[in-house]
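Here the structure comes first, spelled out in structure tokens, and everything after it is commentary.
Treat the numbers as computed from the prediction; the structure is a model and nothing was measured. Remember, it's 1-based here, ligands and their atoms both numbered in the order they're listed.
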Amino acid sequence: MTFETKATIANFGGKLLKLSHQSSETKTPMALNLYLPPNASASTKVPVLFYLSGLTCTGDNCSEKGFLQAHASQHGIAIVYPDTSPRGTETIKISDRDAWDFGTGAGFYIDATTEGFKENYRMYSYVTKELPEALWGAFPQLDSTRVSITGHSMGGHGALTLALKNPGMYKSCSAFAPISNPVNCPWGQNAFTGYFGEENKEKWAEHDATELVKKLKEGDKFAALIDVGTGDNFYKQGQLLPENLETAAKESKADVKVEVRYQPDYDHSYYFISSFGKDHIEYHAKFLKQ
Ligand SMILES: N[C@@H](CCC(=O)N[C@@H](CS)C(=O)NCC(=O)O)C(=O)O
């Protein structure tokens with residue numbers, strides 16, 4: 001599969017590539033951003049961090065104002081910023097449920113099973129399989145054996161669930177203000193009703209970080225660094241529920257290390273993400289450099 005490079009932007013000594021490709025999973029063109037740090041070359045392969053964005057975002061929000069490239073440049077880490085849903089073709093029939101927190105810009109990193117969505121809303125397979133394989137094929141600078149994942153809000157939910165569902169795929173996992181227990185919050189309930197159907201509660205649980213931690217058995221391992229701002233209105237409204245994930249982690253018989261740091265006064269925005277991005281890149285660098 002080929003990528004079209006729409007722009008190459010010099011950034012912190014490296015290059016931010018704005019890419020586009022045709023996805024066979026979503027059956028749409030998909031845009032993404034790829035940051036290559038200054039030391040990336042075919043002879044010096046660099047590890048890769050996937051950053052999954054939140055509701056309403058594209059790959060641009062974080063690459064423009066998350067400030068992660070500054071730290072990734074220092075540590076020699078590439079960052080992949082995928083889009084948050086299929087978009088942009090008139091053949092997709094989005095139902096009248098489409099809203100800022102469902103449908104376009106709100107793919108929730110799942111493979112939908114419901115009519116109207118199952119054809120195109122396949123962000124789980126896109127992010128875990130199609131996109132990485134395409135990147136490894138097209139960019140010999142990327143080290144496919146050293147990959148980690150992070151994300152914000154809906155993307156934090158994506159990072160946690162993709163890591164929990166695919167042991168060994170990611171060297172480390174972190175999240176900013178993640179939706180931690182979607183089956184129990186309005187955003188998650190609305191999205192999972194639309195993508196899986198109201199009755200399909202087993203499927204809901206398969207994409208819920210708290211439920212997935214509850215299912216871990218003795219001998220399983222999972223670790224994540226999580227930051228949440230106490231001034232985050234979505235946290236205050238009960239959309240994020242990190243406490244439920246912490247409780248599941250504490251009660252687990254598995255080796256679960258979920259560190260949730262409650263950051264006083266920080267909100268849900270990229271002011272929050274850019275404030276703690278350095279910590280997250282340093283956290284991932286420890287695992288990616290091993
Ligand atoms: N559009 C929503 C806000 C959505 C929102 O805050 N999205 C977060 C992710 S969950 C985000 O990163 N937005 C884009 C940005 O801040 O650049 C509203 O009006 O309340």
Side-chain angles (χ1 to χ4, degrees), residues 9 11 16 18 30-33 35 49-70 79-88 94 97-110 121 123-124 127 149-162 173-195 207-210 224 226-242 244-245 260 262-263 265-277 279-281:
I9 302 165
N11 192 220
L16 185 80
K18 291 192 176 275
M30 292 295 286
L32 65 136
N33 293 338
Y35 179 67
L49 178 66
F50 278 80
Y51 175 95
L52 304 183
S53 299
L55 293 163
T56 73
C57 290
T58 66
D60 289 343
N61 299 67
C62 191
S63 42
E64 286 173 5
K65 54 189 181 174
F67 220 67
L68 300 185
Q69 291 98 255
I79 309 181
V80 180
Y81 298 101
D83 204 347
T84 52
S85 76
R87 61 179 87 220
I94 300 292
R97 295 173 58 89
D98 195 18
W100 70 268
D101 57 355
F102 183 77
T104 310
F108 271 83
Y109 308 100
I110 52 83
Y121 277 71
M123 291 301 289
Y124 176 79
V127 171
I149 193 160
T150 185
H152 171 226
S153 195
M154 175 186 74
H157 142 77
L160 293 168
T161 54
L162 269 48
C173 173
S174 79
F176 301 88
I179 302 172
S180 307
N181 189 194
V183 305
N184 285 318
C185 80
W187 275 341
Q189 289 165 343
N190 182 51
F192 289 179
T193 300
Y195 295 135
H207 290 273
D208 180 298
T210 299
I226 295 175
D227 279 306
V228 180
T230 63
D232 180 330
N233 282 331
F234 295 127
Y235 168 57
K236 292 189 218 170
Q237 289 162 14
Q239 295 281 20
L240 308 180
L241 305 173
N244 294 1
L245 180 62
V260 183
Y262 294 89
Q263 305 290 0
D265 301 333
Y266 282 88
D267 65 15
H268 197 69
S269 75
Y270 276 89
Y271 291 111
F272 158 66
I273 296 170
S274 56
S275 299
F276 298 100
D279 291 2
H280 285 244
I281 296 289

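Looking at residues two or more places apart in sequence or on another chain, you find a ring pair (Phe, Tyr, Trp, His ring centres under 6.0 Å) between His207 and Tyr124, Phe196. Annotation: ring pair (Phe, Tyr, Trp, His ring centres under 6.0 Å) contacts of Phe234 (sequence neighbours excluded): Trp187, His268. Take Phe108 and apply the ring pair (Phe, Tyr, Trp, His ring centres under 6.0 Å) test, not counting sequence neighbours, and it matches His157.
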Output block, N or O contacts of ligand 1, threshold 3.5 Å exclusive:
residue, atom, partner, partner atom, Å
ligand 1, 7 (N), Leu55, O, 3.1
ligand 1, 17 (O), Asn61, ND2, 2.8
ligand 1, 17 (O), Lys65, NZ, 2.7

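If you look at Phe102 and Tyr195, their ring centroids are closer than 6.0 Å.
With rounding to the nearest 0.5 angstrom, the SG atom of Cys57 is 11.5 Å from the CG atom of Leu52.
Inter-residue side-chain proximity for Lys65 and Ser274 is flagged as unmet; no heavy-atom pair is nearer than 4.5 Å.
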